[in-house]
Protein chains: 2
Amino acid sequence: MTDIDQNIPDSESSDKRLNPRQQQIFKKRQVMIVKKASRLFIKKGYSQTSMRDIANATGINLGNLYHYISGKEDILCIAFNNYHNLVMEFVIKNDILNIQEPEAKLKAVLRQSLEITYDFRNDLLMMHRETRVLPRKFLKIILKKESEFVRLFEDIITRGVESKAFKVSDPFFAANMLVFQISFYALRSWNLKQFTREEFLDMAEETILRAIIPDAM
Amino acid sequence: MTDIDQNIPDSESSDKRLNPRQQQIFKKRQVMIVKKASRLFIKKGYSQTSMRDIANATGINLGNLYHYISGKEDILCIAFNNYHNLVMEFVIKNDILNIQEPEAKLKAVLRQSLEITYDFRNDLLMMHRETRVLPRKFLKIILKKESEFVRLFEDIITRGVESKAFKVSDPFFAANMLVFQISFYALRSWNLKQFTREEFLDMAEETILRAIIPDAM
DNA sequence: AGTCAAAACAAACGTTTGTTTTATTATTAA
DNA sequence: TTAATAATAAAACAAACGTTTGTTTTGACT
């Protein structure tokens with residue numbers, strides 16, 4: 001808890017004096033714990049997953065778990081943080097943000113986002129379900145990151161409206177709806193199994209764009 | 001648990017021989033318990049709400065709670081069931097389903113659904129978060145009801161496509177996306193507080209329809 | 001060989017959980 | 001009134017929880 005609160009990003013705390021070799025091992029174990037625990041949270045839910053379950057899954061002794069993480073809540077916080085960092089990394093990379101034409105830029109960012117949320121649908125669903133467990137302080141940080149993500153799209157849409165490439169009555173509302181739609185597959189995959197990944201991505205992209213671009217498709 | 005599993009709808013079990021007066025009181029208390037418990041689930045989450053919390057909130061003694069409900073899980077199941085019954089009741093009533101023109105019918109059902117999910121946003125959000133807790137058997141029933149709701153829209157869309165009033169490439173996909181979008185406010189209200197109820201409903205309706213009706217708005 | 005801190009371990013801590021039971025009081029019906 | 005029924009409060013229950021403890025093993029450096 002303390003660890004994450006003071007140092008949100010990735011628990012680069014390394015307070016203890018450790019040589020680089022040891023730090024690397026320490027880090028690797030922590031990553032492994034978060035990864036295995038996340039799988040359990042996905043399968044059984046956070047509350048229904050005990051520290052003993054995590055100990056079994058990681059092969060690390062129960063008491064010894066607490067050398068690598070400071071508590072159960074921390075594991076969830078780190079998982080949230082890892083995901084949001086990953087999304088922002090992927091979306092911002094590749095010079096996508098340097099595209100000038102609004103329509104091309106929107107399509108590029110949207111497609112990239114759709115692909116990520118498709119591939120990480122299980123993690124995303126878990127996070128949707130377990131938001132309530134996050135400490136208030138950390139929740140605020142997550143919501144802030146989320147609204148930055150919305151603003152990213154809001155800016156693109158606003159620019160597109162100015163250049164008459166898009167037609168929406170409220171860019172902020174449209175951006176919110178768009179971001180919501182991006183998580184479509186994660187929350188509704190149980191009823192969408194019949195589509196292949198590419199089929200889904202194409203249809204989702206088309207459907208989402210139709211609300212923004214006039215006579216799209 | 002047993003109670004709900006054998007008799008899904010509304011636990012009209014009344015196994016015990018009770019006169020009508022007693023049955024009514026029994027029913028009234030049960031409804032009260034589920035309502036108060038749901039408020040707690042919304043505020044604190046299912047796992048973080050104890051039976052002692054529910055006893056305090058209802059004013060019913062802890063031990064005596066078990067005369068009205070057969071367990072904690074049952075309360076959640078009944079809450080899920082009540083909501084789905086309510087939605088179907090509202091959507092089907094008012095002869096909306098008798099409307100022949102696809103566009104008018106779609107608009108009517110959509111508007112009705114948007115209003116319900118707006119007004120019951122807290123319950124809907126809670127149900128999204130606590131789905132994992134449901135017993136498998138009951139979850140199946142809920143998912144079935146949900147896909148019937150999707151099919152309702154799928155049929156309308158299919159009819160509209162045939163009459164060339166609508167234009168979508170895959171009615172099933174479109175219906176799924178539409179139903180998903182209906183729960184927009186419940187899952188994103190934290191970033192949509194700036195809109196009034198009517199503002200939101202109008203914009204949501206417009207945005208959703210644009211993906212289905214050509215040159216809508 | 002000796003030192004020391006990190007890692008591993010089993011065991012236990014103190015709570016809290018959902019649920020049941022018991023003994024006592026209030027309410028109701030005949 | 002009397003006998004059955006319901007409601008209450010309190011305690012008890014076993015199980016599970018997250019976390020801490022004291023001790024032992026390991027492994028690298030003096």
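Every value quoted in this text rests on a predicted model; they were computed, and no experiment measured them. Naming convention: chains lettered A, B, ... in sequence-line order (proteins, then strands); numbering from 1 in each chain.
Map A:G59 and B:Q48 each onto its nearest nucleotide of DNA chain C; the residue landing nearer the 5' end is A:G59. Comparing A:N64 and A:S50 against DNA chain D, the residue whose closest nucleotide sits nearer the 5' end is A:S50. Taking for each of A:R52 and A:I60 the nucleotide of DNA chain C with the nearest heavy atom, the 5'-most of the two is the partner of A:I60.
Remark: C1' of C:dC9 and NE2 of A:H67 are 10 Å apart, rounded to the nearest angstrom. In this structure, the CE atom of B:M51 is 19 Å from the C1' atom of C:dT15, given to the nearest Å. Remark: P of C:dT17 and CG of B:L40 are 13 Å apart, rounded to the nearest angstrom. The nearest whole Å value for the distance from the CG atom in B:N56 to the C1' atom in D:dA10 is 14 Å. One atom, CE of A:M32, and another, C1' of C:dA7, lie 14 Å apart when rounded to the nearest Å. Atom CG of A:L65 and atom C1' of C:dA6 are 16 Å apart (whole Å). Atom C1' of nucleotide C:dT17 and atom NZ of B:K72 are separated by 8 Å, given to the nearest angstrom. In this structure, the CD atom of A:E73 is 17 Å from the P atom of D:dC17, given to the nearest Å.
When the shell of 6.0 Å around CD of A:E89 is examined, it contains 12 or fewer heavy atoms from other residues, nucleotides or ligands. No more than 12 heavy-atom neighbours from other residues, nucleotides or ligands sit within 6.0 angstrom of NZ on B:K144.
Residue contacts shown for A:L62 include a base, since a base heavy atom lies under 4.0 Å away. Looking at heavy-atom distances under 4.0 Å, B:T49 makes contact with sugar-phosphate atoms alone, never a base.
Checked by distance alone, B:N61 brings a side-chain donor or acceptor within 3.5 Å of a matching partner on the base of D:dA9.
A donor-acceptor contact under 3.5 angstrom links the side chains of B:D53 and B:S50, judged on distance only.
Among pairs with a residue in residues 192-201 of chain B, those fulfilling salt bridge (charged side-chain N to carboxylate O under 4.0 Å, His left out) read B:R111-B:E198, B:D119-B:R197, at least two apart in sequence or across chains.
Considering only side-chain N and O atoms, A:Y66 lies nowhere under 4.0 angstrom from the phosphate OP1 or OP2 of C:dA8. Distances shown here put every side-chain N or O of B:R29 at or beyond 4.0 Å from the OP1 or OP2 atom of D:dA6.
One N or O on the side chain of A:R132 and one on the backbone of B:I42 form a donor-acceptor pair closer than 3.5 Å.
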